[in-house]
S.K.: 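This is the structure I want to talk about, given as structure tokens.
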Amino acid sequence: MELYGRDLICTQDWTFDELVATLELAARMKRDRFSDRWGAILRNRTFVMFFYNPSVRTRLSFEAGLTELGGHAQFMTPSAGRFKSDKQAGETIEDAAKVMARYAAGIGIRILEDRVPYYGAGDEMLREYAYWAGVPIINMADDRFHPCQALADVMGWAEWLGQGPGRPDYGALRGKKLLLSWGSGALARSWCSVQAAMLIASRFGMNVTMAYPEGYDLDAEVISWTKQNCQRNKADFEVVHDPDSGYDGAHVVYCRNWVSPEAYQDGSLQKQREIERAMAYTGWTTTVERMARTDNAIFTHPMPVDRGSEVTDEVASGSRSAIYDIAENRLHVQKAIMALTMGNL
Ligand code: CP
């Protein structure tokens, strides 16, 4: 298996063995975090982080990861340059990608739905960067996918259902039920993390139940891939439209708000309209009472959490909350991704 030089834009682009190899390296790096084995993998190398949208976890974990691999993370925003977009003239993606690749061992890009004129345009932009850049492009969250989050998620679920921190058991996920529930709230959130989670869960043989109000369907192509992954693994995929029944027998509960498929109009995301629309659906919140319907499930969320809307404090800060472990895992999986795609291992 050769991952050197590869892009990571969606986990679906990598084979199962490639995903497992990355996760195994991440677990080794977690168990032995400051070993000399990792400290020179990206020595004297730079990773450009190009952020169209803000971030806490992604920026901090990539920066910390580059420090721990002996390299440097360079922060860049579109306002620091003159980049061509649907609204302004400027530098093309071809020119930007080719120039950045002259400086960097790899390029991470974050561009979410509020920075693009239509759904999927952010993911298309990353793939255009990948076409022109001669170095790996790592998706730091676009409007369709968040693969680094997905790898951190599945590692955390396999730790909690396995032997604990740094000792994930991916076999333990097979046949387990993941509930992916829409969450109430006024944040008009992206589809990327939820779609990334359903893709990775179905690759690892989990049964996937989606719960959301009528009218909140996700990307039909991603749903189709998820169903195919489930079929290959003899796992179930189901959709329910009430906020309670999906919890029955769940082993992993994920609750997050997302925008409707009608979010775009006239070439931009109508955020205020989406917030007002979501206000009709109060009560889609993960509570202690709902968690009691599960099979002792863990609670998972990519963060930032909208406490009080998506989940109560009792659950988010409770004894079965995996959120901080998963946030930590961002560091370990990203170190493994960069080591394998850009490093001297
Ligand atoms: N989960 C995640 O990507 O967090 P940030 O938006 O803070 O980077």
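Both ligands and their constituent atoms are indexed starting at 1 by order of listing.
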S.K.: With distance as the sole test, does T294 use its side chain to make a donor-acceptor pair with the main-chain N or O of R290 at under 3.5 Å?
M.R.: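 Such a contact is absent between T294 side chain and R290 backbone.
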S.K.: Has H146 got any heavy atom lying under 4.0 angstrom from an atom of ligand 1?
M.R.: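 The answer is yes: ligand 1 sits under 4.0 Å from a heavy atom of H146.
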S.K.: For atom 4 (O) of ligand 1, what's the nearest protein heavy-atom neighbour? Residue, atom name and distance, please.
M.R.: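 Result: R57 NE, 2.9 Å.
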S.K.: For ligand 1, which is the ligand I care about here, please tell me if M303 has any N or O atom under 3.5 Å from one of the ligand's N or O atoms.
M.R.: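 So ligand 1 has an N or O lying under 3.5 Å from an N or O of M303.
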S.K.: Work out whether the distance between some heavy atom of R330 and some atom of ligand 1 is less than 4.0 Å.
M.R.: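 Yes, R330 has heavy atoms under 4.0 Å from ligand 1.
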S.K.: Walk me through it: do D295 and K177 pass the test salt bridge (charged side-chain N to carboxylate O under 4.0 Å, His left out)?
M.R.: CA-CA 9 Å; D295 189 355; K177 176 177 174 179; over 6 Å; no
S.K.: Are D32 and R28 close enough for a salt bridge, meaning some N to O gap below 4.0 Å?
M.R.: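 Answer for the salt bridge query: no.
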S.K.: Y254 pairs by side chain to side chain contact (heavy atoms under 4.5 Å, CB included) with which of L179, I298, V194, V311?
M.R.: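 With Y254 as partner, side chain to side chain contact (heavy atoms under 4.5 Å, CB included) holds for just one option, V194.
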S.K.: Would M303 and R57 satisfy side-chain contact (heavy atoms from CB on, under 4.5 Å), going step by step from the backbone distance to the final call?
M.R.: CA-CA 8 Å; M303 306 186 81; R57 278 144 291 274; 3.6 Å; yes
S.K.: Which residue and non-hydrogen atom of the protein lie closest to atom 7 (O) of ligand 1, and at what distance in Å?
M.R.: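 Looking only at protein heavy atoms, the one closest to atom 7 (O) of ligand 1 is V56 N, 2.8 Å.
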S.K.: Quick one: nearest non-hydrogen protein atom to atom 6 (O) of ligand 1, plus distance?
M.R.: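 Nearest neighbour among protein heavy atoms for atom 6 (O) of ligand 1, to 0.1 Å: R110 NH1, 2.9 Å.
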